[in-house]
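Proteins come first, then strands; the chains are lettered A, B, ... in the order of their sequence lines, and each starts at number 1. Model, not experiment: these values are computed from the prediction.
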Amino acid sequence: MSSALLEDLRARGLIFQMAGEAELPAWLDGGVRTLYCGFDPTADSLHIGSLVPLLMLRRFQLAGHRPLALVGGATGLIGDPSFKAQERQLNTPDVVAGWVDKIKNQVSRFIDFDAGESSAEVVNNLDWTAEMDVLTFLRDIGKHFSVNAMIQKESVKQRIEREGSGISYTEFTYMILQSFDFAELYKRHSCTLQLGGSDQWGNITGGIDLTRRLHGGQVFGLTMPLITKADGTKFGKTESGTVWLDPARTSPYAFYQFWLNCADDDVYRFLRYFTFLDVAEIAEVERADAERAGRPEAQAILAREVTRLVHGEEGLAAAQRITEALFSGSLDGLSADDFGQLRLDGLPASTLSRGELPETLTHMFSEAGLAASGKQVKDALGRNAVTVNNRVVGWDENAAVATCFAPEHALYGSYYLVKLGKKKYHLFEIA
RNA sequence: GGAGGGGUUCCCGAGUGGCCAAAGGGAUCAGACUGUAAAUCUGACGCGCGAGCUUCGGUGGUUCGAAUCCACCCCCCUCCA
C-alpha cells in the first residue's frame with residue numbers, strides 16, 4: 001500500500017534520492033511509520049520553497065504514516081551552510097523564537113493532528129539541544145563525526161574550496177546538529193525517515209549514520225528535487241520578491257496570480273509537484289491543452305488548487321474575485337460594493353483625500369507601489385501603459401493629478417482603478 | 001601576530017586622477033507580438049517632473065578635480081606562525 005505511495009511520488013518526479021532504497025518500500029508497507037522534515041526559521045514565514053516538503057508530509061500522512069514537522073529553533077540559530085555561497089548573518093535568539101512560533105502555526109495548516117495513529121506533531125529541536133552542554137556534545141556527538149568526511153560533502157565544498165568565501169566553525173557544525181535531530185527523533189518518536197530538499201542530502205545521510213552509531217537503528221532518507229524553471233530563472237520569485245505563504249506578506253490574490261502566470265513549459269510538472277490531483281488526471285489536462293489551440297487550462301487549475309491548499313476556500317474565492325474583476329476587461333459590471341469587497345479581498349489600495357493629492361503621478365504611483373521608482377512610472381506613462389479607470393493617461397498629464405483624478409472620472413464618486421503595465425493594479429479611493 | 005589578495009550601483013563583474021552615474025552580462029520594469037504565456041525585437045534600469053542631487057567598505061587628507069592617489073580604521077579571503 002505504501003510502496004504505491006512511492007510509485008506515485010516517482011511518477012510525480014518528487015523523488016530525487018533515497019537512502020535505503022532497497023528496504024524502504026517494504027518498511028513503509030510494514031506499518032505506520034514516523035517520518036519528519038525540518039523547517040528552519042529564517043524569517044517569520046515560510047515561502048513557497050517549503051511547499052513541496054510540506055505537501056510531502058501530507059502525502060505520507062494520507063498514505064497512513066505519521067508526520068512530524070520539525071521547526072528548527074536550534075538549527076535556525078546556527079544557519080545551514082548547505083550550498084550557500086556565503087556565511088549567513090546570525091539572528092538573535094528572541095527573534096528566532098518569535099519566528100518559530102509563527103512557523104509552527106503555518107506548518108500546522110498542512111498536516112492533520114487528529115488522525116489516530118498517524119496524527120501529526122510539531123517538534124522543536126531546541127528542546128533537546130538547549131540544555132546540552134558543550135563537553136557532552138563534543139564527547140557524545142562530535143566524536144562520531146569525521147572532519148575528513150564532513151569536508152568532502154558536496155554541500156559545503158564550494159565554501160571550503162572557493163576562493164573568496166569561507167565557512168565558520170558555527171555553520172560547519174550545522175550538519176552535526178541536524179544529524180543529532182534525526183537520532184533524537186528516532187529515540188523519542190521511533191522516527192525512521194527524513195524528508196528534505198535535495199540540498200539536504202548531506203545533512204540527512206549524516207543523521208542516518210549517527211542514528212546507527214548512537215542507537216544501532218536503521219533509518220531512511222528521501223530527498224525531493226530542486227524546483228527549477230524551464231527558463232532558468234529562480235523559482236519562487238516575482239517582481240515584488242519572494243512568494244510567501246503568509247497572507248500578510250503575499251496576498252492570496254498575488255499568490256494566485258503567481259501560479260496563474262506559470263510558464264507552459266513548467267505547468268504540468270508543477271501540477272504534479274504542488275497538487276494532489278491524480279497523475280493520470282494531470283496527463284489528461286496536458287493532452288487536452290495540447291489539442292486545443294490558445295490558452296491552456298493548466299495554469300488556472302494549478303492556481304486554483306495551490307491557492308486552496310495554502311489559503312483555503314475563502315482565500316481562493318477572494319483571489320478569483322479580484323482576478324475576474326481586473327482581467328475580464330470591463331469595469332462596468334462592478335458595483336460600489338464590489339470595489340469595497342476588492343479592497344477587503346486584498347487588492348492593493350489606498351485612500352487619499354482630494355485636498356492632499358500628490359503633485360505628480362510619478363510620485364503618487366511609486367508611493368503606492370505600482371512601480372519601484374518615479375522613473376519607471378515615467379517610462380510607463382511615456383508608453384501609454386497607464387490607465388485610470390480604463391482611460392489612458394500620458395506623460396503630459398504627470399503634473400495634472402487633480403485632473404486625472406477629477407470627480408467626473410471617478411466610479412461611484414470616489415473609486416479610481418489604476419493599471420500600470422498589463423498586470424499591476426492599484427485602487428485609489430479618493431474621498 | 002606576519003605576508004599577500006580583496007571590499008564598485010539588486011547580483012556577477014570592468015574601471016586605477018578628469019571623457020564615470022560608472023563597460024559588459026544577469027535579474028527587473030515598460031512597449032510591440034501574444035494567451036495576464038514562451039521566444040524575439042525595442043526602450044528603461046541611483047534618486048528627482050525638472051533644474052539638479054546622492055553613490056563606488058568607513059573616516060580624514062592631497063588635488064582645480066578622486067571609485068581611482070595618501071593615512072588611519074572596519075570587514076572578508078589565502079598562506080605562514
Exercise for the section: Identify, between A/Gln376 and A/Ala372, the residue whose nearest nucleotide on RNA chain B lies closer to the 5' end. Expected result: A/Gln376

Practice task
Would you kindly compare A/Lys229 and A/Ser366 by the position of their nearest RNA chain B nucleotide and give the one closer to the 5′ end?
Solution key: A/Lys229

Quantified in whole Å, what is the [atom1] atom distance between nucleotide [N] and nucleotide [M]?
{"N": "B/U40", "M": "B/U8", "atom1": "C1'", "value": "33 Å"}
{"N": "B/G61", "M": "B/G17", "atom1": "C1'", "value": "15 Å"}
{"N": "B/G31", "M": "B/G13", "atom1": "C1'", "value": "29 Å"}
{"N": "B/U36", "M": "B/U55", "atom1": "C1'", "value": "37 Å"}
{"N": "B/C64", "M": "B/U59", "atom1": "P", "value": "23 Å"}
{"N": "B/U16", "M": "B/A22", "atom1": "C1'", "value": "13 Å"}
{"N": "B/A23", "M": "B/U68", "atom1": "C1'", "value": "15 Å"}
{"N": "B/A21", "M": "B/U9", "atom1": "C1'", "value": "8 Å"}

Using Watson-Crick or G-U wobble geometry with both distances under 3.5 Å, which nucleotide pairs with [N]?
{"N": "B/G17", "value": "none"}
{"N": "B/C41", "value": "B/G31"}
{"N": "B/A71", "value": "B/U59"}
{"N": "B/C53", "value": "B/G46"}
{"N": "B/G4", "value": "B/C77"}

Handout entry: Face-on cation placement of A/Arg308 at A/Tyr256 ring, 6.0 Å and 45° thresholds
Key = no

Practice task
Determine, for A/Phe276 and A/Arg59, whether the Lys NZ or Arg CZ falls below 6.0 Å from the six-membered ring centre while staying within 45 degrees of the axis.
Solution key: yes

Without decimals, in angstroms, what is the distance between [X] [atom1] and [N] [atom2]?
{"X": "A/Asp379", "N": "B/C49", "atom1": "CG", "atom2": "P", "answer": "14 Å"}
{"X": "A/Arg383", "N": "B/A30", "atom1": "CZ", "atom2": "C1'", "answer": "6 Å"}
{"X": "A/Arg159", "N": "B/U78", "atom1": "CZ", "atom2": "P", "answer": "11 Å"}
{"X": "A/Lys424", "N": "B/U28", "atom1": "NZ", "atom2": "C1'", "answer": "9 Å"}
{"X": "A/Ile160", "N": "B/C76", "atom1": "CD1", "atom2": "P", "answer": "18 Å"}
{"X": "A/Asp396", "N": "B/G50", "atom1": "CG", "atom2": "C1'", "answer": "16 Å"}
{"X": "A/Trp395", "N": "B/C49", "atom1": "CH2", "atom2": "P", "answer": "7 Å"}
{"X": "A/Lys84", "N": "B/C11", "atom1": "NZ", "atom2": "P", "answer": "18 Å"}

Mind telling me whether [Y] and [X] have parallel, tilted or perpendicular rings, with 30° and 60° as the class edges?
{"X": "A/Phe270", "Y": "A/Trp259", "value": "perpendicular"}
{"X": "A/Tyr415", "Y": "A/Phe339", "value": "parallel"}
{"X": "A/Phe428", "Y": "A/Phe365", "value": "tilted"}

Exercise for the section: Verify the contact: side-chain N or O of A/Lys378 to OP1 or OP2 of B/C29, cut-off strictly under 4.0 Å; return yes or no. Expected result: no

Practice task
Taking only Lys NZ, Arg NE, NH1 and NH2, and the carboxylate oxygens of Asp or Glu, determine whether A/Glu171 and A/Arg159 approach each other closer than 4.0 Å.
Solution key: yes

Handout entry: Ion pair check, A/Asp265 and A/Lys229, cut-off under 4.0 Å
Key = no

Exercise for the section: Can you establish whether the number of heavy atoms outside A/Glu359 located under 6.0 Å from its atom CD is more than 12? Expected result: no

Problem - CZ (A/Arg292) with more than 12 external heavy atoms under 6.0 Å - result: yes

Practice task
Answer yes or no: side-chain N or O of A/Lys375 and base N or O of B/G48 forming a donor-acceptor pair under 3.5 Å.
Solution key: yes

Exercise for the section: Kindly give the heavy-atom pair with the smallest separation between A/Val52 and A/Met224, and that separation in Å. Expected result: CG1-CG, 3.8 Å

Completion exercise
Between A/Glu281 and A/Leu277, the two heavy atoms sitting closest are OE2-CD2, 3.7 Å

What nitrogen or oxygen pairs link the protein and nucleotides 35-39 of chain B at under 3.5 Å?
| unit_1 | atom_1 | unit_2 | atom_2 | d |
| --- | --- | --- | --- | --- |
| B/G35 | O6 | A/Asp264 | OD2 | 3.1 |
| B/G35 | N1 | A/Asp264 | OD1 | 3.3 |
| B/G35 | N1 | A/Asp264 | OD2 | 2.7 |
| B/G35 | N2 | A/Asp264 | OD1 | 2.9 |
| B/U36 | OP1 | A/Arg295 | NH1 | 3.4 |
| B/U36 | O2' | A/Asn261 | OD1 | 2.9 |
| B/U36 | O2' | A/Lys423 | NZ | 3.4 |
| B/U36 | O2 | A/Gln257 | OE1 | 2.9 |
| B/U36 | N3 | A/Gln257 | OE1 | 2.9 |
| B/U36 | N3 | A/Gln257 | NE2 | 3.3 |
| B/U36 | O4 | A/Gln257 | NE2 | 3.3 |
| B/A37 | OP1 | A/Lys423 | NZ | 2.9 |
| B/A37 | N3 | A/Asp264 | OD2 | 3.4 |

Exercise for the section: Mind checking A/Ala385 for me? I need base, sugar-phosphate or nothing, with any heavy atom below 4.0 Å counting as a touch. Expected result: sugar-phosphate

Completion exercise
What residues 344-363 of chain A contributes to the RNA chain B interface at heavy-atom separation below 4.0 Å is A/Thr360, A/Thr362

